[in-house]
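I have placed the structure first, in the form of structure tokens, so that the comments after it can refer back to it.
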Amino acid sequence: LYGMFVAHMSGNSCILGVRIGTGNVEHMLHRAFPIVSFCFGVLLAGVLINILKNHVPRRVFAIIVLAEAIIIGLFIVTVTLFTPDGKVPRSPNWFFWLMIAIPTTAMGFQNVILSKTMAVKIRTTYISGTLTGMGELLSNCIYTFFARLFRPEGKGFGAIFTQSFFGEDGRGAGLRFLVWLVYVVGATVGAYCETKLHLFAWFLPLTVLLILGLWDLMFPLGFHDIS
């Protein structure tokens with residue numbers, strides 16, 4: 001979408017600040033609007049989760065994931081029907097801004113899903129925070145390891161290592177590393193598919209969301225620590 005970030009609101013905010021600082025008012029809206037629609041997605045998903053958890057708490061994860069899939073599906077269908085080459089045109093303006101609003105709203109939904117349906121609070125699009133959390137938890141593991149290593153407890157190196165790095169902090173760090181790794185792999189696969197499939201590359205995340213949502217709908221995965 002002409003260099004606009006769909007999930008990376010830090011990048012959009014940074015460039016928005018650059019546009020303001022350099023007086024480039026013409027391109028300010030291109031960075032400000034996705035931030036607004038992303039926040040709208042977070043807000044809408046949060047309201048839906050609060051409603052659903054009081055009525056169908058075991059289906060919150062599935063419903064929100066499927067809602068994100070529907071939003072992405074809407075983007076694919078709209079671009080397919082109204083653009084001849086599968087690329088979002090800059091005019092008419094209303095169509096351009098609508099095509100920005102739809103995927104960024106979907107990313108707002110995604111960013112809320114895990115933090116509201118798992119005990120571990122992770123933002124799937126807030127990678128700086130995810131890496132910071134991973135580093136903090138790893139530092140706890142390292143401190144615990146050396147603190148126990150020099151205690152006269154009589155435990156072996158292997159037992160101390162396992163207790164220090166495979167406890168709650170270690171699992172939390174591993175989970176955050178996995179989120180980062182999947183983010184990078186997803187970006188790599190997405191970039192490759194976009195060059196080969198163009199608009200049809202969107203079917204990959206759509207398929208993953210549909211499978212995950214429908215599976216959880218039939219066989220709850222246990223991601224339901226709603227808070």
Side-chain angles (χ1 to χ4, degrees), residues 1-20 24 26-46 48 64-83 85-116 122-131 179-213:
L1 294 176
Y2 302 95
M4 182 213 68
F5 298 112
V6 173
H8 186 36
M9 293 303 124
S10 298
N12 284 329
S13 299
C14 180
I15 298 177
L16 173 62
V18 172
R19 296 286 186 263
I20 295 173
N24 192 346
E26 181 181 355
H27 296 96
M28 283 172 50
L29 187 59
H30 188 230
R31 298 295 174 174
F33 185 78
I35 297 172
V36 174
S37 56
F38 179 88
C39 291
F40 172 76
V42 172
L43 175 65
L44 182 58
L48 287 175
I64 298 299
V65 167
L66 291 174
E68 183 188 354
I70 291 172
I71 296 172
I72 292 177
L74 177 63
F75 177 82
I76 296 173
V77 171
T78 305
V79 174
T80 302
L81 292 179
F82 296 101
T83 61
D85 56 0
K87 296 182 179 180
V88 177
R90 281 194 174 273
S91 60
N93 284 335
W94 68 267
F95 184 78
F96 175 71
W97 296 119
L98 178 63
M99 291 302 96
I100 288 180
I102 293 175
T104 49
T105 299
M107 289 302 98
F109 265 69
Q110 182 190 119
N111 210 43
V112 172
I113 290 174
L114 291 184
S115 66
K116 283 289 189 179
I122 295 179
R123 310 291 184 182
T124 56
T125 60
Y126 180 35
I127 299 303
S128 298
T130 298
L131 292 175
V179 170
W180 171 82
L181 181 62
V182 171
Y183 194 89
V184 174
V185 172
T188 304
V189 173
Y192 177 80
C193 290
E194 197 278 332
T195 60
K196 302 295 183 180
L197 303 175
H198 303 293
L199 178 64
F200 293 102
W202 283 83
F203 280 101
L204 179 60
L206 176 62
T207 301
V208 172
L209 287 170
L210 287 173
I211 292 174
L212 186 59

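Excluded from the calculations below are hydrogen atoms, water molecules and symmetry mates; all remaining heavy atoms, backbone and side chain alike, are included.
The side-chain heavy atoms of H30 and I100, taken from C-beta on, include a pair separated by under 4.5 Å. The shortest distance between side-chain heavy atoms of V112 and I64 does not fall below 4.5 Å. F38 has its side chain out of reach of N12: every pair of non-hydrogen atoms, C-beta onward, lies at least 4.5 Å apart.
Here F200 pairs with F203 under the ring-ring contact (aromatic ring centres under 6.0 Å, His included) rule; sequence neighbours left out. Residues meeting the side-chain contact (heavy atoms from CB on, under 4.5 Å) test with T78, sequence neighbours left out: L74, F82, F95, M99. Partners of L131 according to the side-chain contact (heavy atoms from CB on, under 4.5 Å) rule, which considers only residues two or more places apart in sequence or in another chain, are I127, M134, W180. Not counting sequence neighbours, T105 has no partner by the side chain to side chain donor-acceptor pair (under 3.5 Å) test. Scanning for side chain to side chain donor-acceptor pair (under 3.5 Å) contacts around T130 gives an empty result, with sequence neighbours left out. Not counting sequence neighbours, the partners of I211 by the side-chain contact (heavy atoms from CB on, under 4.5 Å) test are T207. Applying the side-chain contact (heavy atoms from CB on, under 4.5 Å) rule to V185 yields the partners L181, V189; only residues at least two apart in sequence or on another chain are considered. Evaluation of the side chain to side chain donor-acceptor pair (under 3.5 Å) rule for Q110 yields E68, T124 as partners, not counting sequence neighbours.
Shown here for E194 and A201, the closest heavy-atom pair between the two residues is N-CB, 3.8 Å. Residue I71 comes nearest to A106 through the heavy atom pair CG2-CB, 3.8 Å, listed as atom of the first residue, atom of the second, then distance. In terms of heavy-atom proximity, A69 sits nearest to L210 at CB-CD2, 3.8 Å.
For the atom pair CD1 (I70) and CZ (F109), the distance works out to 9.5 Å, reported to the nearest 0.5 Å. Atoms CD1 and CD1, on I20 and I15 in that order, are 12.5 Å from each other to the nearest 0.5 Å.
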Could you go step by step and tell me if I76 and L206 meet the side chain to side chain contact (heavy atoms under 4.5 Å, CB included) rule?
-> CA-CA 10 Å; I76 296 173; L206 176 62; 3.9 Å; yes

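Sequence neighbours left out, the pairs with a member in residues 35-46 that pass side-chain hydrogen bond (donor to acceptor under 3.5 Å, both in side chains) are S37-T104.
Taking the six-membered ring where the residue is Trp, F75 and W202 present tilted rings, their angle falling between 30° and 60°.
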